[in-house]
Amino acid sequence: MRVLLLGGTGEARALAKALHRHVDIVSSLAGRVPDPALPVGPVRIGGFGGVDGLKRWLRDEGIDAVVDATHPFAATMTAHAAEACDALRVPHLVLARPAWDPGAAIVVKSDAKAAEAIAEQGYSRIFLTTGRTGVGAFTGSDAWFLIRAVTEPDSASLPRSHQLLLSRGPYYYDDEFALLQTHRIDALVTKNSGGNMTRAKLDAAVALDVPVVMVARPPAPHGVKTVGSVNQAADWVAGLG
Ligand code: NAP
């Protein structure tokens, strides 16, 4: 039994740790982040070359099953894995951490809609945490942004008025509370990533009455089995025999 783990998340690393002694696994990372946190066991890095490239790779490597533990917003990879596995009849599971309860947040469908929402609401000092690729939707905004990302966004995508904070989670409540206060943030923009590594900003925003604009998750591919925890994913792999 040889299993591909599509990764780039803490859950994927935890699953690799749970499986690597008993199962022949290979983890895959996109290669976006310099010096990524590596899972235990064999790792390959870089795109497959679309659905056809992935199908070829799965055949060449003799992969018997795929667990897609990519980030809930990695929709292209998730769609490609679903299509390739369906075409090859390879068992396939999505491991997606549960979404956050948006509470009183303004929920929007895209980064562009989040930019519209902050303009409509007249927010002027924004903590923007939607990641490097999400910044482009805010380029034309008149607001000031504290932009937190793991890697630097393209300079052309940056809004006129901003400060860049390059860092990687996990983040903690006291630090997030202080960050919101120090920068006099009047709105937090976040994806609904779920999980505990980055949720402290939401709790701090609620405590400080800072409104939240939350980008909803992209829809999951149709008909794909999904679980919410590492243990459930490990059980699924064990059940493949
Ligand atoms: P994406 O838009 O869904 O994928 C774009 C392309 O990147 C895919 O078509 C694929 O290239 C390649 N790719 C993505 N994940 C890969 C993986 N695990 N292994 C090999 N190739 C992969 O993905 P994304 O949103 O840019 O995310 C990239 C990676 O960062 C993912 O692994 C994800 O788990 C991680 N991540 C994403 C976010 C986020 O907010 N999106 C946050 C934290 C971590 P080919 O078509 O050439 O195969």
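By convention here, the first residue in the shown sequence is residue 1. Numbering of ligands and ligand atoms starts at 1, following listing order. Every value quoted in this text rests on a predicted model; they were computed, and no experiment measured them.
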Query raised in the report: Hey, does the Lys NZ or Arg CZ of R44 hover above the aromatic six-ring of F48, less than 6.0 Å from the centre and inside 45° of the axis?
Result: yes
Report task. Before accepting this row, confirm whether a basic side-chain N of the pair E176/R148 lies closer than 4.0 Å to the acidic partner's carboxylate O. Result -> yes
Report task. Quick one: closest heavy-atom pair of I126 and A143, and the distance? Result -> CG1-CB, 3.9 Å
Report summary line: The closest protein heavy-atom partner of atom 47 (O) of ligand 1 is G49 N, 2.9 Å
Report summary line: min-distance protein heavy atom vs atom 11 (O) of ligand 1 -> G47 CA, 3.6 Å
Report task. Examine the side chains of T70 and D68 and answer whether a donor and an acceptor come within less than 3.5 Å of each other. Result -> yes
Query raised in the report: In terms of heavy-atom contacts, does CZ of R2 have more than 12 from other residues, nucleotides or ligands at under 6.0 Å?
Result: yes
Query raised in the report: Given K191 and D111, is the salt bridge (charged side-chain N to carboxylate O under 4.0 Å, His left out) satisfied, shown in steps?
Result: CA-CA 9 Å; K191 295 173 183 169; D111 295 319; over 6 Å; no
Query raised in the report: For ligand 1, is there an N or O atom under 3.5 Å from any N or O atom of T9?
Result: no
Report task. Report whether F73 and L95 are members of the same hydrophobic cluster (ILVMFWY, side-chain heavy atoms less than 4.5 Å apart, transitive linking). Result -> no
Query - Whether S157 side chain and D154 backbone form a donor-acceptor pair below 3.5 Å - result: yes
Query raised in the report: If you measure from each heavy atom of G53 to ligand 1, is any distance below 4.0 Å?
Result: no
**Report entry** CG (D203) with more than 12 external heavy atoms under 6.0 Å
**Finding:** yes
Query raised in the report: Going by an N to O cut-off under 4.0 Å, is there a salt bridge joining E11 and R97?
Result: yes
Query - Joint cluster assignment, V66 & L5, ILVMFWY side-chain distance < 4.5 Å - result: no
Query raised in the report: Got a donor-acceptor contact below 3.5 angstrom from the T129 side chain to the V189 backbone?
Result: yes
Report summary line: Nearest non-hydrogen protein atom to atom 40 (O) of ligand 1, with distance, is K191 NZ, 2.5 Å
Report task. Write out the residue and atom name of the closest protein heavy atom to atom 43 (C) of ligand 1, then the distance separating them to 0.1 Å. Result -> H71 CD2, 3.3 Å
Query raised in the report: Can you tell me which residue and heavy atom of the protein come closest to atom 6 (C) of ligand 1, and the distance to 0.1 Å?
Result: R32 NH2, 3.5 Å
**Report entry** G7 touching ligand 1 at heavy-atom level, < 4.0 angstrom
**Finding:** yes
Requested in this report: Answer with yes or no whether G46 contacts ligand 1, where contact means a heavy atom under 4.0 Å from a ligand atom.
Outcome: yes
Query - Which segment of A75 sits under 4.0 Å of ligand 1 when only heavy atoms are counted - result: backbone
Query - Nearest-contact summary for atom 48 (O) of ligand 1 - protein heavy atom, Å - result: F48 N, 2.7 Å
Requested in this report: Under 4.0 Å from a heavy atom of G50: give me the atoms of ligand 1 that qualify, with their elements.
Outcome: 45 (P), 46 (O), 47 (O), 48 (O)
Report summary line: Numbered in order shown, the ligand 1 atoms found under 4.0 Å of a heavy atom of G8 are 34 (O), 35 (C), 44 (C)
Query raised in the report: Hey, does M77 come in under 3.5 Å of ligand 1, counting only N/O atoms on both sides?
Result: yes
Query raised in the report: Going by the atom numbers of ligand 1, which of them fall below 4.0 Å from some non-hydrogen atom of S28?
Result: 17 (C), 18 (N), 19 (N), 20 (C)
Report summary line: So the atoms of ligand 1 within less than 4.0 Å of a heavy atom of H80 turn out to be 9 (O), 46 (O)
Query raised in the report: Between L29 and ligand 1, which residue portion shows a heavy-atom distance shorter than 4.0 Å: side chain, backbone, both, or neither?
Result: backbone
Query raised in the report: Which atoms of ligand 1 have any heavy atom of R44 under 4.0 Å away?
Result: 20 (C)
Requested in this report: Might you check, step by step, whether the distance between atom 45 (P) of ligand 1 and some protein heavy atom is under 4.0 Å?
Outcome: yes
**Report entry** Donor-acceptor contact below 3.5 Å, side chain D186 vs main chain R125
**Finding:** yes
Query raised in the report: Can you tell me the protein heavy atom closest to atom 23 (O) of ligand 1 and the distance?
Result: A74 CB, 3.6 Å
**Report entry** Closest protein heavy atom (residue, atom, distance) for atom 28 (C) of ligand 1
**Finding:** A30 CB, 3.7 Å
